[in-house]
Each structure stands twice: as C-alpha cells, then as structure tokens.
Amino acid sequence: MFKILNKLYFISIIIFLFSFYLFSQESLKKEVGNEFIPVPPLTGRVVDLTNTLTNNEIQALSKKLENLEKEKGSQIVVLLIPTTGIDSIEEYSIRVAEKWKIGRAGVDDGVILIVAKQDRKLRIEVGYGLEGAIPDVIAKRIIEEIIVPEFKKGNFYSGIDQGIDAIIALIKGEELPLEKVQKDSNPSLFLIFGPTVASFILHFFINTLLAILITTLVFSIFGIISYGFSLELLGLIFIMSIVGVTWYRTRGFGNGGGSSNGGFSGGGGSFGGGGASGSW
Amino acid sequence: MNKKIIQFLLLIFIGFGFGNCGYNEIQRKDEAVKASWAEVLNQYKRRADLIPQLVKVVEGFAIQEREVLIQVTEARSKVGTIQATPELINNPEAFRKFQQAQGELSNALQRLMVVVERYPQLKSDQNFRDLQAQIEGTENRIAVARRRYIEAVQDYNTTIRIFPNVITAKIFGYTEKPQFQVDNPEQLEKPPEIEFKRK
C-alpha cells in the first residue's frame with residue numbers, strides 16, 4: 001500500500017513539473033490582433049471575392065501565373081476584395097503577404113496584386129527578393145500608367161491582365177534560382193538525435209516496442225511545443241526512434257519523403273512592405 | 001525494475017523538461033530583436049538618403065515654400081547627428097532621442113507633402129513622382145519594420161520575465177529591450193496646423 005502511494009506521489013511530482021514546463025513555454029505563434037476584415041483563404045492564384053471576373057478570365061489569369069511559376073519559380077497572386085475595412089490597403093496587404101507567404105522561401109520572389117474594389121484602391125505588394133526587379137517606382141508606374149487607366153474605364157480584367165503582363169516581364173528579366181528551393185528546415189538536432197539515443201537506451205530496460213512508443217510520445221510533445229504541429233517532424237521523430245533500436249542491425253535505411261498535396265499554396269516567401277499603391 | 005524506469009523518466013523530464021532554463025530561447029529571441037532593429041535602422045537610413053533629392057526637386061517648383069523645406073532639411077540633419085547603431089537598443093535614453101528625432105522628420109515630411117498638393121506642375125513632374133513613390137514605399141517599409149521590431153521585443157521581454165527563464169536572464173545579464181512609444185502623446189491631441197501662405 002505504502003509503496004503504491006509513494007509511487008503515485010513520485011509520478012504526480014513528475015507530471016506537475018512537466019506541466020509547469022509545458023505552460024511556461026509560450027507558443028511561438030503570434031496572436032493576430034482583432035481583424036476587422038480577415039485575410040481570406042488562399043483558394044487559388046486568383047482570389048476574386050467581388051465577382052468581378054468571369055470564370056474564363058480567372059482561368060486564363062491563373063494559367064498565366066502558373067506558367068510563370070513553372071518557368072521561373074516565382075509566384076504571383078491576385079486578390080480582389082470589396083474593402084480593406086479599418087486597415088489601409090498597405091496594412092491589409094502586408095497581413096495577406098504574411099499569411100499567404102507567396103514566393104519561394106529564402107528567395108522571397110512573390111508578388112501580390114490586391115484590388116479593393118469599393119475603396120477604389122489597389123496595391124502591388126513586392127517580396128524581398130523582387131525588390132530589385134520591381135522597385136517601388138516601377139510598381140507605381142505599372143499602377144498609374146497601365147492598370148489605373150483601364151480601371152477608370154471599368155475594364156477590370158484588362159487592367160489586371162496588362163498589369164500582370166508587365167510584372168511578369170520584369171520577373172523574367174531577373175536572375176533567379178532555377179530549381180525548386182527546399183525550405184531551409186533546421187529542427188533542433190536534439191529532436192532528431194534525441195529519439196535515437198533515448199530509444200536505444202530505453203530498449204535495454206523495457207521491450208523494444210514500448211521504448212519506441214514512449215520515446216516518440218515524449219519527443220513529439222517537445223516537437224509540437226517548439227515548432228507547432230508538423231506531421232513531417234512527428235514522422236521524423238518516430239522514424240529516428242526506430243533507428244535507435246535498429247541501427248546496429250541493419251545498414252541503410254530509406255526514409256519515405258512525404259510530398260505535398262496538389263493544389264496551390266504559398267512557397268513560404270517573405271515580404272518587407274515594398275511595392276506601391278494607387279487609386280482610381 | 002519499475003523504480004529504474006521511473007528514475008530514468010524523471011531524469012529525462014527534469015533534464016529536458018526545464019530545457020536549459022530557456023537560455024537558448026533567450027539567445028534566439030535576443031538575436032531576433034537585433035535583426036529586426038537592424039532592419040528598422042536600414043529603412044530609416046533609406047528615407048534619410050532620399051530627402052536631399054526630394055528637397056531639390058520641390059525647390060525647383062516651389063522655392064517660396066522655404067520654411068517647410070528648411071524644416072525638413074533641419075529635421076534630417078538632427079536625425080543624422082544621432083549615431084544610428086545596433087547599440088541604441090541597449091541605451092534607453094538614446095533610443096528615446098532617436099525615436100523622437102525620427103518622429104519629427106516624419107512630421108516635417110508630412111507637412112511638405114501637404115504643401116506640395118498646391119503645386120500641380122510639381123505633382124505631375126516625373127522626377128517628383130518617382131521620388132514620391134520611393135518615399136511612400138520607404139515609409140511603408142519603416143512601418144512594417146517597426147511593427148516587426150515591436151513584436152520581436154514583446155516576445156523577448158516576455159521570455160526573460162517568465163519563470164524559470166527569469167533566473168537565467170538575471171544570471172547572464174539579459175535585460176528588457178526598449179519598446180517604441182507613441183511618439184508624442186500630447187501632439188496627437190492637437191490636429192496638425194496647416195499654414196496657408198498667401199502668394
């Protein structure tokens with residue numbers, strides 16, 4: 001009886017300390033403040049929430065943008081919304097950029113064309129990596145000389161299409177890395193080799209399967225705390241804990257890499273607030 | 001056998017659980033603050049570099065607006081006298097002065113842009129429009145860089161205050177970094193005065 005109580009006491013101290021750790025480590029994700037107009041989901045390369053463009057026009061634009069990405073790797077997206085609410089178009093635009101992460105990570109070659117139709121305002125948001133190809137002055141000129149004249153006549157598709165053509169031409173003239181750049185992932189080495197070591201040690205005390213499970217569980221928790229929920233990371237942890245008990249038995253171990261699903265998504269590019277705005 | 005496991009697990013939890021008491025995290029966030037501050041300085045410098053050209057172009061069309069032009073030039077000089085270094089964030093007084101000087105430059109620029117509105121020839125000059133695009137772009141970049149600095153400092157300050165990191169921070173001498181204040185709370189109450197010169 002006594003022994004059991006002792007054990008319980010012991011275990012509850014462990015749990016208490018551990019939960020202390022859990023709660024003291026704040027999530028690294030930032031809380032976005034009260035948004036009047038939320039950033040819409042990235043449903044495609046052309047997101048039109050104003051019903052301005054026809055389906056054919058949207059498809060034609062998307063095809064053009066897709067071809068650019070295939071050819072140069074850069075991503076351009078177009079967003080039409082009724083209004084940016086209490087945010088200025090610049091404030092709203094950078095929020096969209098930070099959420100959608102258009103352009104390749106590390107290369108940061110993304111461009112977002114935002115049209116706030118009711119506000120009669122538009123903006124070209126340029127990623128860090130394209131600030132040389134599309135300086136603010138040029139972005140302003142594209143807006144003033146190409147897009148706005150068309151918008152003033154009510155030709156929204158034409159304005160957007162020609163503006164996109166101009167942007168594409170600038171990007172094509174730019175030297176950019178050719179291959180698909182892998183996102184620079186550097187999960188702490190602790191999370192990669194920790195499971196290996198831990199499961200290796202553990203499996204001397206308890207059976208192999210239990211060792212793998214416990215190790216995976218513990219390190220997964222650390223992984224989720226530090227990096228958020230990431231299936232790739234959890235898979236890696238699991239695999240590494242298996243490696244821990246099998247490495248001296250088998251040489252050569254193939255990792256199955258998960259490929260991302262189809263459909264369009266941002267490449268992880270960042271933005272610094274460059275670009276230009278205009279109105280019509 | 002059981003006791004061994006529990007001891008071992010306890011070791012793991014304590015060892016990894018308090019995870020070097022946040023030392024690594026503090027390092028990471030300190031670096032993040034430094035990086036975002038460097039970006040803020042970068043953009044402020046970019047703005048300061050654009051101003052001489054701007055003044056020159058405006059002078060070409062609106063020389064009579066001497067007062068506003070002088071204000072802008074002086075505000076820019078004042079900013080130049082403060083050493084804009086990464087070390088600024090370790091000196092709260094210097095930081096405050098720096099922020100104030102930049103705020104005055106922003107105000108002077110705004111007044112200039114209001115004045116420019118009354119000179120259609122100036123407004124349609126291509127040189128001027130290019131400069132205006134660059135300045136607007138830079139102002140936006142400044143705003144973004146400031147916001148990211150504020151977030152980085154918030155994150156860092158919180159990290160060194162929570163337990164158990166607060167102990168580590170005290171041991172290694174990590175103190176709170178200064179935060180951007182609203183520039184001039186009193187001035188916010190007053191609407192900006194706009195002088196109309198009679199031609």
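All values below were derived from every heavy atom in this structure, side-chain atoms included, with hydrogens, water molecules and symmetry-related copies excluded.
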- Report the distance from atom NE2 of A/H203 to atom CD1 of A/I214, rounding to the nearest 0.5 Å. 13.5 Å
- Option that, when pairs with chain B are counted at under 4.5 Å, heavy atom only, ranks first among A/G272, A/G275, A/A276: A/G272
- Query: For the candidates B/Q154, B/Q126, B/Q132, which exhibits the highest count of non-hydrogen atom pairs separated by less than 4.5 Å from chain A?
  - Reply: B/Q126
- Note on the structure: Most heavy-atom pairs under 4.5 Å with chain A, out of B/E136, B/R147, B/E39, belong to B/R147
- Under 4.5 Å from any heavy atom of chain B - which part of A/I138: neither
- Query: Does B/R148 come within less than 4.0 Å of A/E98, counting only side-chain N to carboxylate O?
  - Reply: yes
- Item | B/Y174 and B/Y23 aromatic ring geometry - parallel, tilted or perpendicular at 30°/60° bounds | perpendicular
- For residues A/D109 and A/Q75, determine if any side-chain heavy atom of one lies less than 4.5 Å from a side-chain heavy atom of the other. no
- Query: OG of A/S93 to CZ of A/F271: how many Å apart, nearest 0.5 Å?
  - Reply: 8.0 Å
- Message: Less than 4.5 Å to any heavy atom of chain B: does that hold for the side chain of A/E91, its backbone, both, or neither?
- Response: neither
